[in-house]
Amino acid sequence: MQTVVSIVGTRPEGIKMAPVVQELGRHPDRLRSVLVSTGQHREMLDQVLRLFGLRPNVELNLMRPDQTLARLTGDLFHALDAVVREQRPDWILAQGDTTTVMVASVVAFYHRIRFGHVEAGLRTGDYQRPFPEELNRRIADLAASAYFAPTARSAAALRAEGIPDGAIHETGNTVVDALLQVAARPFDWASSPLSVVPEGTPFVLVTAHRRESFGEPFRELCRAILEVAESGEAQGIRVVFPVHLNPNVRAPVREILGGHPRVHLLEPLDYVDMVQALRRARLILTDSGGVQEEAPSFGVPVLVMRDTTERPEGVEAGAVHLVGTDRSRIVASARAHLSGPVPSGAARNPYGDGHAAERIVSVLLREAAE
Ligand code: UD1
Ligand code: UDP
């Protein structure tokens with residue numbers, strides 16, 4: 001019996017690790033699966049785990065309001081070290097590039113435990129963008145012993161860094177597994193928070209939270225959204241913006257967009273509601289990593305308000321457009337899309353086929369048998 005400790009901290013890790021943890025649970029004869037929540041996010045992570053029917057075996061509750069990176073990192077090292085001493089895992093798994101993941105990988109390394117990096121090999125090549133995630137994922141890939149690369153491109157990036165072929169497994173991105181599972185659930189628009197917009201009304205969905213934009217660039221981004229709302233009046237277009245709980249996001253969003261009659265500022269959406277918002281939006285404006293990977297499934301165009309992306313596959317497929325953080329460019333691109341044809345619906349997703357979690361767990365089972 002092998003013990004696999006899966007460590008999650010933030011909302012996207014919850015969403016992308018949920019299918020893996022569910023799959024680990026399907027092999028109780030061979031794997032003991034332990035789910036650890038660091039609580040780097042509190043409300044936003046709880047929401048997701050509940051939705052997937054997952055209950056952490058260990059809850060660390062580390063989030064502090066407006067936490068600094070260094071303080072969070074220090075707390076994570078202490079707390080995860082204690083968990084590893086107690087659980088004595090054969091494997092530690094974590095997904096992505098947050099502070100939780102970076103620390104999990106280094107703690108695994110210190111204890112000489114195999115670290116499996118889910119969503120390995122994403123790169124922008126610029127340590128400032130996204131900040132601090134580009135550094136986090138590189139550290140995780142220095143410490144890892146198994147690399148679950150979502151795409152051919154991420155697998156190639158790892159090979160180019162000298163990672164041996166046998167350690168790289170191209171699996172697809174688990175976000176597609178999560179998305180397909182949740183999109184199949186029944187949904188009632190009228191009783192969801194999306195009902196602030198009458199069903200069938202065209203809307204632009206917005207999400208934003210990147211640290212490298214905080215301050216004036218983020219305010220410019222909010223002003224761009226305001227202009228998009230203003231210019232969409234004739235077409236009856238609304239803006240739906242579920243606002244991230246980071247106080248550096250909430251303050252400028254409220255100040256610049258609050259009270260506008262066609263801009264609906266919502267609390268973070270449950271993933272079930274979010275998936276329907278993604279599916280039914282006329283256009284998506286975002287700086288999120290996960291949203292770039294999800295939207296192509298529904299054929300809804302995405303404008304990415306960043307200067308670089310570690311997910312170029314969507315851009316190459318024509319589903320995602322990098323528009324940067326410049327206000328006039330965001331507005332011009334949004335207006336062009338809103339006056340173009342209505343999105344045609346479901347499309348092939350370049351990030352995965354919905355079976356990534358099975359592939360990841362089959363690698364662990366194979367290695368356990370060796
Ligand atoms: C974090 C990750 C980022 C990821 C994002 C996903 C790091 C450095 N950043 O950014 O990579 O893309 O999550 O959303 O790991 N807060 C709450 N409740 C919550 C969540 C957050 O109140 O449920 C507030 C708290 O005041 C907290 C602050 O948001 O201190 C910032 O949270 P933190 O996890 O440090 O950074 P994010 O910006 O959320
Ligand atoms: N998401 C959600 N509710 C929201 C906003 C986002 O469930 O109100 C989901 C979104 O669909 C995606 C994930 O959260 O799966 C992305 O999280 P975020 O943008 O916070 O982080 P990133 O992906 O940029 O790391």
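Not measured: the values here are computed from a predicted model. Each ligand, and each atom within it, is numbered from 1 in the order the structure gives. Position 1 is the first residue of the sequence, and the numbers go up from there.
- Listed by number with element, the atoms of ligand 1 under 4.0 Å from a non-hydrogen atom of Thr99 are 7 (C), 8 (C), 15 (O).
- Taking the six-membered ring for Trp and thresholds of 30 and 60 degrees, His244 and His41 have ring planes more than 60 degrees apart, a perpendicular arrangement.
- For ligand 2, none of its N or O atoms has an N or O atom of Glu267 under 3.5 Å away.
- A donor-acceptor contact under 3.5 angstrom links the side chains of His264 and Arg238, judged on distance only.
- Between Pro350 and Thr151, the closest side-chain pair of non-hydrogen atoms is not below 4.5 Å.
- Within the set Gln67, Glu13, Arg137, the minimum heavy-atom distance to atom 32 (O) of ligand 1 is found for Gln67.
- Residues His117 and Ser105 fail the side-chain proximity criterion, which asks for heavy atoms closer than 4.5 Å.
- Per-residue contacts place Arg210 under 4.0 angstrom from the following atoms of ligand 2 (heavy atoms of the residue considered): 24 (O).
- The existence of a salt bridge linking Glu316 and Arg311 is excluded, since no basic side-chain nitrogen approaches an acidic carboxylate oxygen closer than 4.0 Å.
- Residue Met63 touches ligand 1 through its side chain alone, judged by heavy-atom distances below 4.0 Å.
- Of the protein's heavy atoms, Asn246 ND2, 3.4 Å lies nearest to atom 31 (C) of ligand 1.
- In this structure, Lys16 falls outside the shell of residues with a heavy atom less than 4.0 angstrom from ligand 2.
- Short contacts between ligand 1 and Pro132, defined as distances under 4.0 Å to a heavy atom of the residue, involve ligand atoms 8 (C).
- The option with the heavy atom closest to atom 9 (N) of ligand 1, from among Arg250, Glu133, Arg11, Arg210, is Glu133.
- Here the heavy atom of the protein found nearest to atom 18 (N) of ligand 1 is Glu43 OE1, 2.7 Å.
- Scanning the protein for heavy atoms near atom 14 (O) of ligand 2, the closest one is Arg11 NE, 3.3 Å.
- The single protein non-hydrogen atom nearest to atom 5 (C) of ligand 1 is His209 CE1, 3.7 Å, given as residue, atom name and distance.
- For ligand 1, the atoms closer than 4.0 angstrom to any heavy atom of Pro12 are 6 (C), 14 (O).
- Residue, atom and distance of the protein heavy atom nearest to atom 18 (P) of ligand 2 are His209 NE2, 3.5 Å.
- A salt bridge does not link Glu119 to Arg137: none of the charged nitrogens lies less than 4.0 Å from a carboxylate oxygen.
- Polar contact check, Asp270 against ligand 2: no nitrogen or oxygen pair lies under 3.5 Å apart.
- Between Val34 and Thr3, some side-chain heavy-atom pair lies under the 4.5 Å cut-off.
- In summary, the atoms of ligand 1 found under 4.0 Å from a heavy atom of His244, numbered by their order in the structure, are 14 (O), 37 (P), 38 (O), 39 (O).
- Closest heavy-atom approach to atom 23 (O) of ligand 1 among the candidates Arg64, Met44, Arg211: Met44.
- There is no side-chain donor-acceptor pair under 3.5 Å between Ser192 and Gln276.
- Proximity to Pro242 (heavy-atom distance under 4.0 Å) selects the following atoms of ligand 2: 8 (O).
- Side-chain contact between Tyr127 and Arg138 is present, with at least one heavy-atom pair separated by less than 4.5 Å.
- Using a cut-off of 4.0 Å between Lys/Arg side-chain N and Asp/Glu carboxylate O, Glu216 and Arg223 are scored as salt-bridged.
- Of all the atoms in ligand 1, the ones that sit under 4.0 Å from a non-hydrogen atom of Arg42 are 19 (C), 23 (O).
- The protein non-hydrogen atom at the shortest distance from atom 7 (C) of ligand 1 is Gln40 NE2, 3.4 Å.
- Protein heavy atom in closest approach to atom 24 (C) of ligand 1: Leu245 O, 3.5 Å.
- Looking at Met44 and Asn246, their side chains never come closer than 4.5 Å, going by heavy atoms from C-beta outward.
- Atom 19 (O) of ligand 2 has its closest protein heavy atom at Ser288 OG, 2.8 Å.
- Under a 4.0 Å criterion applied to the non-hydrogen atoms of Ile15, ligand 2 contributes the atoms 9 (C), 13 (C), 14 (O), 15 (O).
- By the 4.0 Å heavy-atom criterion, Met102 is excluded from the residues contacting ligand 1.
- Interface of Pro268 with ligand 2, defined as ligand atoms under 4.0 Å from a residue heavy atom, comprises 8 (O).
- Checking only distances, Gly289 does come within under 3.5 Å of ligand 2, N or O to N or O.
- For ligand 2, the atoms lying closer than 4.0 Å to a non-hydrogen atom of Glu294 are 10 (C), 11 (O), 12 (C), 15 (O).
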* To do: List the steps and the verdict of salt bridge (charged side-chain N to carboxylate O under 4.0 Å, His left out) for Arg210 and Glu133.
  => CA-CA 10 Å; Arg210 294 252 86 85; Glu133 291 85 357; 3.3 Å; yes
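- Two residues are said to be in side-chain contact when any heavy atoms from C-beta on lie closer than 4.5 Å; Val84 and Pro89 meet this criterion.
- Numbered from 1 in the order shown, with element, the atoms of ligand 1 that lie under 4.0 Å from a heavy atom of Leu69 read 8 (C).
- Counting atoms of ligand 1 from 1 in the listed order, those under 4.0 Å from a heavy atom of Asp66 are 25 (C), 26 (O), 27 (C), 30 (O).
- For His321 (side chain) and Val302 (main-chain N/O), no donor-acceptor pair under 3.5 Å exists by modelled atom type.
- Of all the heavy atoms of Pro130, none lies under 4.0 Å from any atom of ligand 1, so neither backbone nor side chain is involved.
- We find that Arg129 and Asp287 are not joined by a salt bridge, their nearest charged nitrogen and carboxylate oxygen being 4.0 Å or further apart.
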